Amino acid sequence: MFLHLLPRLRLRIAQWPMPGSQFLGGRSYFGAALRQYLHQMGNHSFSTTATNKEHEGGGEQNREKISVTFVGKDGEEKTIRVPVGMSMLEAAHENDIELEGACEGSLACSTCHVIVMDVGYYNKLEDPTDEENDMLDLAFALTETSRLGCQVIAKPELDGMRLALPAATRNFAVDGYVPKPH
């Protein structure tokens with residue numbers, strides 16, 4: 001995001017004084033060594049150009065998408081299109097669906113708990129890992145088809161899947177706080 005600023009940043013770093021040191025003729029304590037290193041590197045730039053296949057040939061518009069319906073706590077349904085390879089937690093956040101995800105998908109909580117409403121779709125999912133099962137043990141209103149939204153990854157055979165959001169979550173960090181996705 002800010003990579004275009006790196007050339008200016010490396011110039012500023014080279015000019016910063018070392019804590020406790022004094023400027024020597026306008027040069028910093030470690031500036032000469034850094035300038036020498038950067039000079040040897042030449043004028044190499046950093047690039048954020050995507051090289052994976054999902055971004056080739058037009059980006060996300062060409063990515064295959066599946067249809068997923070989220071059923072809210074109040075029974076309201078919202079059907080969204082989810083790119084193959086994206087987690088249901090990410091998809092929910094991108095579509096303003098209230099799926100918490102307090103740990104941001106790092107398998108450290110159970111706040112993205114979802115219930116797969118059709119056993120047929122549940123059986124098409126990868127088996128949950130031991131870490132996911134450990135977190136699901138902490139989930140509110142656990143069912144036989146419960147999964148963590150951060151671990152349910154969109155794939156073509158899940159097209160048409162319906163996910164229910166439980167009536168509550170157990171967020172041990174701050175109960176009642178709804179974080180905004182990054």
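Please read these numbers as outputs of a predicted model, since none were measured by experiment.
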Separation between [atom1] of [X] and [atom2] of [Y], rounded to the nearest 0.5 Å:
{"X": "Cys112", "Y": "Glu90", "atom1": "SG", "atom2": "CD", "value": "11.0 Å"}
{"X": "Asp96", "Y": "Leu99", "atom1": "CG", "atom2": "CG", "value": "12.5 Å"}
{"X": "Gln151", "Y": "Thr129", "atom1": "CD", "atom2": "OG1", "value": "6.0 Å"}

Flag if over 12 foreign heavy atoms under 6.0 Å of CD, Glu144: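 It does not: Glu144 CD has 12 such atoms or fewer within range.
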With heavy-atom distances below 4.5 Å as the criterion, would you say the side chains of [X] and [Y] are in contact?
{"X": "Phe70", "Y": "Arg162", "value": "no"}
{"X": "Leu107", "Y": "Asp134", "value": "no"}
{"X": "Met117", "Y": "Leu163", "value": "no"}
{"X": "Ile97", "Y": "Leu165", "value": "yes"}

Do [X] and [Y] belong to the same hydrophobic cluster, where Ile, Leu, Val, Met, Phe, Trp and Tyr are linked whenever their side-chain heavy atoms lie under 4.5 Å apart, directly or via other members?
{"X": "Val114", "Y": "Val71", "value": "no"}
{"X": "Leu125", "Y": "Tyr121", "value": "yes"}
{"X": "Leu142", "Y": "Phe140", "value": "no"}

Connected hydrophobic set around Ile115, excluding itself, where side chains approach under 4.5 Å: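 Members other than Ile115 - counting any ILVMFWY side chain reachable under 4.5 Å - there are none.
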Exam field: side chain [X] to backbone [Y], donor-acceptor pair closer than 3.5 Å:
{"X": "Thr111", "Y": "Glu100", "value": "no"}
{"X": "Asp159", "Y": "Ile66", "value": "no"}
{"X": "Ser110", "Y": "His113", "value": "no"}

Lys73 versus Ala167, closest heavy-atom pair with distance: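 Heavy atoms of Lys73 and Ala167 come nearest at CD-O, 3.6 Å.
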Which atom of Cys109 lies closest to which atom of Ala102, heavy atoms considered: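 Reported closest heavy-atom pair: SG-N, 3.9 Å.
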Counterpart residues, salt bridge (Lys or Arg N to Asp or Glu O under 4.0 Å), relative to Glu157 (two or more places apart):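 With neighbours one apart ignored, the set is Lys155.
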Stepwise side-chain contact (heavy atoms from CB on, under 4.5 Å) test for Met161 and Asp118: CA-CA 7 Å; Met161 179 171 60; Asp118 182 345; over 6 Å; no
Verdict with supporting geometry, Tyr122 and Arg147, side-chain contact (heavy atoms from CB on, under 4.5 Å): CA-CA 9 Å; Tyr122 181 84; Arg147 292 298 299 267; 3.7 Å; yes
Only pairs under 3.5 Å count here: list side-chain donor-acceptor contacts from residues 78-86, not counting sequence neighbours, and write none if there are none.
{"unit_1": "Lys78", "atom_1": "NZ", "unit_2": "Asn95", "atom_2": "O", "d": "2.6"}
{"unit_1": "Thr79", "atom_1": "OG1", "unit_2": "Thr69", "atom_2": "OG1", "d": "2.8"}
{"unit_1": "Arg81", "atom_1": "NH2", "unit_2": "Lys65", "atom_2": "O", "d": "3.2"}

